[in-house]
Amino acid sequence: MRRTRVLEALSSTQARDAILVKGWVRTRRDAKGLSFLEINDGSCLKNLQVIVDAATPAAAALDTITTGAAVEVEGALVASPGKNQQWEVHANALQLLGGADPDSYPLQKKRHTDEFLRSIAHLRPRTNKYGALFRIRSEAAFAVHQFFRQRGFHHLHAPIITGSDCEGAGEMFRVTTLPVSPPPGTPERAGAADDFFGKEANLTVSGQLEAELFACSLGNVYTFGPTFRAENSNTPRHAAEFWMIEPEMAFADLQDDMDLGEDLVRGLVNHVLEHCAADLELFARFVDPDLMANLRTIAEESYVRMPYTEAIAVLQRSGKAFQFPVAYGVDLQTEHERYLTEEHCKKPVMVYNYPKEIKSFYMRLNDDGQTVAAMDLLVPRIGELIGGSQREERLGVLERRLGEFDLRPQDYWWYLDIRRFGTAPHAGFGLGFERFLMMVTGVTNIRDVIPFPRTPKHLEF
RNA sequence: UCCCCGGUAGCUCAGUUGGCAGAGCGGUUGGCUGUUAACCAACUUGUCGCUGGUUCGAGUCCGGCCCGGGGAGCCA
């Protein structure tokens with residue numbers, strides 16, 4: 001008999017004489033002559049209630065069945081007389097596939113703290129909350145591909161190992177096959193020239209530069225993959241390994257870029273609202289009571305667009321005593337972002353046209369000569385969700401900007417080549433996938449939206 | 001990396017002025033009941049983060065270190 005998934009069984013429209021279900025026992029309640037098993041197989045949030053009658057052969061296996069055990073049940077799907085479920089299974093046969101010692105199985109029926117569950121990251125997806133979370137993560141990842149595919153974007157697999165140490169987006173992880181300490185008798189210290197690639201190699205911090213190259217061939221592209229930062233930053237919003245979505249569009253300007261960013265965030269939220277309703281409800285109920293109202297705002301209302309100079313003026317007029325004083329030329333601090341998005345606008349805000357000094361070399365210099373065509377999308381509670389810009393496509397200007405940042409043009413020969421041969425206006429941005437998931441679930445720690453988070457001093461699992 | 005708070009049973013926590021190591025939950029056993037985070041009763045559970053010091057005596061006071069949480073910086 002083919003295995004029926006719990007999701008399928010629970011959405012059944014009629015009773016079935018024979019059904020085969022496999023899953024893990026969430027709880028077991030015993031009554032006189034009857035045992036109630038709650039079976040979950042990960043297909044959905046809900047469990048399937050299985051009733052084992054002491055008079056049936058299925059009861060023989062009962063004394064081995066404890067919370068956490070993997071089981072196989074054959075029986076009949078019937079309408080449940082109980083209050084909390086429409087369908088239940090009356091077992092004819094019950095088989096233990098894998099036991100779970102109740103003395104050492106760490107998950108109990110009661111609620112656990114996120115901190116404790118983080119220490120058993122291999123088992124936490126068996127809880128309601130983390131099962132729901134990682135189903136949402138999976139669905140959201142699918143929605144990313146669907147969104148771009150529908151708009152004619154091509155998916156680019158940007159390299160994970162990079163030879164350019166000049167992406168300028170933070171500290172990098174070194175990739176090497178050289179021994180940690182040179183073996184005895186080694187005449188001189190091995191250098192990068194002796195390493196696997198013959199030069200210094202690192203894990204990528206961004207696929208943007210590669211995406212630009214491909215955008216100037218395939219038109220519209222996006223990358224969606226892991227990126228790495230070796231920053232020793234210990235906050236609930238940072239991880240050493242995280243996933244980024246980086247679209248890049250040819251023949252596009254900052255306006256197009258902001259439009260795409262807004263469409264993407266809105267589209268992903270709508271997709272999750274539509275396809276993950278049951279899982280999402282758990283977060284609305286137990287994690288963030290305001291979740292649904294916030295998501296509706298993000299999905300339905302248009303986002304505020306505000307030049308940097310106006311953002312500065314708003315902050316100065318606010319009358320707030322900020323820890324970091326506000327003046328033209330300063331980068332927006334966390335407290336400033338929160339004021340703009342949570343108090344002033346009460347919805348997502350795109351701030352654009354930043355002073356050139358506080359942004360990267362590759363962002364397109366505006367006609368005023370003072371600002372660059374950069375934009376950040378700030379959202380309540382999360383802060384910066386998107387950072388992007390129109391790229392500098394003019395060879396001369398780009399070379400001058402490299403100089404202003406003390407960068408060597410020869411390190412960027414391929415990047416400059418794109419401006420030499422058929423250069424075209426183009427724009428793109430990066431969206432932190434985990435930050436999106438935090439926004440969409442109300443979860444406040446990035447470690448809880450990554451299956452196996454990598455943070456300073458943490459590399460278990 | 002900086003500031004603040006914390007680390008006691010499998011989990012969540014209490015522990016008074018320095019004086020016998022505690023509760024709830026979980027687990028086990030028994031009872032009861034088409035049960036629903038079931039219920040009732042009994043039983044079970046310790047490297048008090050590690051280390052050094054003060055003291056007749058330290059979970060409690062002091063130093064160092066490790067780990068966790070919150071905030072900040074860096075950033076997505």
Side-chain angles (χ1 to χ4, degrees), chain A residues 26-38 46-54 63 66-68 78-85 88 90 100-120 123 127-128 167-171 205-208 226-246 261 286 322-324 331-338 358-360 376-379 382-388 429-439 444-450 455-458 460:
Chain A
R26 280 292 175 78
T27 71
R28 168 179 171 177
R29 294 178 295 272
D30 288 333
K32 190 142 203 126
L34 289 178
S35 281
F36 299 84
L37 308 181
E38 298 276 348
K46 285 191 169 160
N47 304 322
L48 181 61
Q49 177 166 277
V50 173
I51 288 97
V52 183
D53 192 316
D63 49 353
T66 56
T67 305
V78 301
S80 174
K83 287 176 189 139
N84 297 352
Q85 62 279 323
E88 63 186 27
H90 290 188
D101 175 24
D103 284 335
S104 49
Y105 186 64
L107 292 175
Q108 56 183 52
K109 297 180 201 175
K110 304 272 178 175
R111 192 185 163 277
H112 286 293
T113 59
D114 293 320
E115 290 77 17
F116 171 68
L117 291 171
R118 224 171 276 156
S119 72
I120 49 167
L123 292 171
T127 64
N128 286 338
E167 289 166 10
E171 292 298 309
V205 294
S206 162
Q208 180 201 313
T227 50
F228 307 86
R229 304 281 165 89
E231 310 277 356
N232 185 20
S233 56
N234 214 314
T235 85
R237 297 181 306 279
H238 294 86
E241 177 182 301
F242 62 100
W243 282 59
M244 241 197 323
I245 300 156
E246 294 181 287
F286 298 114
F322 292 115
Q323 189 193 336
F324 293 86
D331 212 349
L332 297 182
Q333 302 294 320
T334 300
E335 57 179 346
H336 306 143
E337 295 179 353
R338 293 191 70 135
I358 59 174
K359 288 291 181 182
S360 301
D376 285 347
L377 174 64
L378 311 176
V379 297
I382 306 294
E384 185 181 339
L385 180 64
I386 282 179
F429 61 79
L431 185 155
F433 188 51
E434 281 78 13
R435 291 207 177 155
F436 171 80
L437 290 171
M438 291 167 72
M439 181 186 82
T444 53
N445 197 314
I446 196 168
R447 296 171 180 91
D448 297 332
V449 300
I450 307 181
T455 52
K457 301 284 185 289
H458 285 276
E460 196 63 60

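Chain A is the first sequence line, chain B the second, and so forth, proteins listed ahead of strands; every chain is numbered from 1.
For A42(B) and G34(B), the P atoms lie 24 Å apart once the distance is rounded to whole Å. Comparing C2(B) with G27(B), their C1' atoms sit 44 Å apart, to the nearest whole Å. When the P atom is used for both C65(B) and G73(B), the distance is 26 Å, rounded to whole Å. Look at the P atom in both G30(B) and G22(B): the space between them is 29 Å, to the nearest Å.
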Practice problem: Would you check, one step at a time, whether the test side chain to side chain donor-acceptor pair (under 3.5 Å) holds for S206(A) with E246(A)? | Solution: CA-CA 8 Å; S206(A) 162; E246(A) 294 181 287; 2.8 Å; yes
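Phosphate contact (OP1/OP2 of A38(B), side-chain N/O of K109(A), threshold under 4.0 Å): present. Between T334(A) and G73(B), a side-chain N or O to OP1/OP2 separation shorter than 4.0 Å is present. Here R29(A) reaches the OP1 or OP2 of A38(B): one of its side-chain N or O atoms lies under 4.0 Å away. Using a 4.0 Å cut-off, some side-chain N or O of K32(A) falls inside it from OP1 or OP2 of C32(B). In this structure, Q333(A) reaches the G73(B) phosphate: one of its side-chain N or O atoms is under 4.0 Å from OP1 or OP2. When the side-chain nitrogen and oxygen atoms of N445(A) are compared with OP1 and OP2 of G70(B), one or more of them lie within a distance under 4.0 Å.
In this structure, T67(A) contributes its side chain and T27(A) its backbone to no donor-acceptor pair below 3.5 Å. Although no hydrogens or angles enter the test, the distance criterion places a donor-acceptor pair under 3.5 Å between the side chain of E231(A) and the main chain of E171(A). Of the possible donor and acceptor atoms, one in the side chain of R229(A) sits under 3.5 Å from a partner among the backbone N and O of V205(A).
One finds the CD1 atom of I245(A) at 7.5 Å from the CZ atom of F436(A) (value rounded to the nearest 0.5 Å).
With hydrogens and angles ignored, no donor-acceptor pair closer than 3.5 Å exists between the side chain of H112(A) and the base of C11(B). Residue E335(A) places no side-chain atom within donor-acceptor reach of the base of G71(B), judged by atom type and a 3.5 Å distance cut-off alone.
Checked against G34(B), A38(B), U1(B), the side chain of P81(A) finds its nearest nucleotide in G34(B). Distances from the side chain of N234(A) to the nucleotides U35(B), C11(B), U1(B) place U1(B) closest. When each of C32(B), G69(B), G26(B) is scored by its nearest atom to the side-chain atoms of Q108(A), the top-ranked nucleotide is G26(B). Distances were taken from every side-chain heavy atom of L34(A) (C-beta onward) to each of U28(B), A38(B), G34(B); the shortest belongs to G34(B). Of the candidate nucleotides C74(B), U33(B), C75(B), C74(B) has the atom nearest to the side chain of E231(A). When the nucleotides G27(B), G73(B), C74(B) are ranked by their closest atom to the side chain of T67(A), G27(B) comes out on top. Side-chain atoms of N232(A) lie closest to U1(B) of the nucleotides U1(B), G69(B), U35(B). Listed nucleotides C74(B), G27(B), U12(B) differ in distance to S233(A); the shortest reach to its side chain belongs to C74(B).
Rounded to whole Å, atom C1' of G69(B) lies 17 Å from atom CZ of F116(A). Between the C1' atom of G71(B) and the NE2 atom of H238(A) lies a distance of 13 Å, rounded to the nearest Å. Put simply, CG on D376(A) is 13 Å from P on C74(B), counting in whole angstrom units. For the pair R28(A) CZ and G27(B) C1', the interatomic distance rounds to 14 Å; values are reported in whole Å. With rounding to whole Å, H336(A) atom NE2 is found 13 Å from G73(B) atom C1'. Here A38(B) presents its C1' atom at 18 Å from CZ of R26(A), a figure rounded to the nearest Å. Between N84(A) atom CG and U35(B) atom C1' the separation is 10 Å, expressed in whole Å. At whole-Å resolution of the value, CZ in R229(A) and P in C74(B) are 14 Å apart.
Nucleotide G52(B) is matched to C62(B) when pairs are restricted to Watson-Crick or G-U wobble geometry with both distances under 3.5 angstrom. In this structure G26(B) sits in a base pair with U44(B), meeting the Watson-Crick or G-U test at under 3.5 Å. The nucleotide U16(B) finds no pairing partner, because no Watson-Crick or G-U wobble arrangement with both distances shorter than 3.5 Å includes it. Base pairing of G34(B) is not made with any nucleotide, judged by Watson-Crick or G-U wobble geometry with both donor-acceptor distances under 3.5 Å.
RNA chain B is contacted by both D103(A) and L431(A); D103(A) maps to the nucleotide lying nearer its 5′ end (nearest heavy atom per residue). Residue-to-nucleotide proximity on RNA chain B shows that, of K457(A) and M244(A), the 5′-proximal contact is made by K457(A).
At the heavy-atom level, L107(A) lies nowhere under 4.0 Å from the strands shown. In this structure, Q49(A) reaches the bases: a heavy-atom distance under 4.0 Å links it to at least one base atom across the strands shown. E88(A) comes within 4.0 angstrom of a base, heavy atoms only. Within the nucleic acid shown, T227(A) has no heavy atom closer than 4.0 Å to any nucleic acid atom. Residue contacts for S119(A): at a heavy-atom cut-off of 4.0 Å it reaches no nucleic acid atom on any strand shown. Nucleic acid contact for F228(A): none, since no nucleic acid atom lies under 4.0 Å from a heavy atom of the residue.
Contact detail for G387(A) and D376(A): the closest heavy-atom pair is CA-OD1, 3.4 Å.
In summary, the side chains of S80(A) and Q85(A) do present a donor paired with an acceptor at a separation below 3.5 Å, with no hydrogens or angles considered.
A salt bridge is absent between R237(A) and E434(A); no separation between the charged side-chain nitrogens and carboxylate oxygens falls under 4.0 Å.
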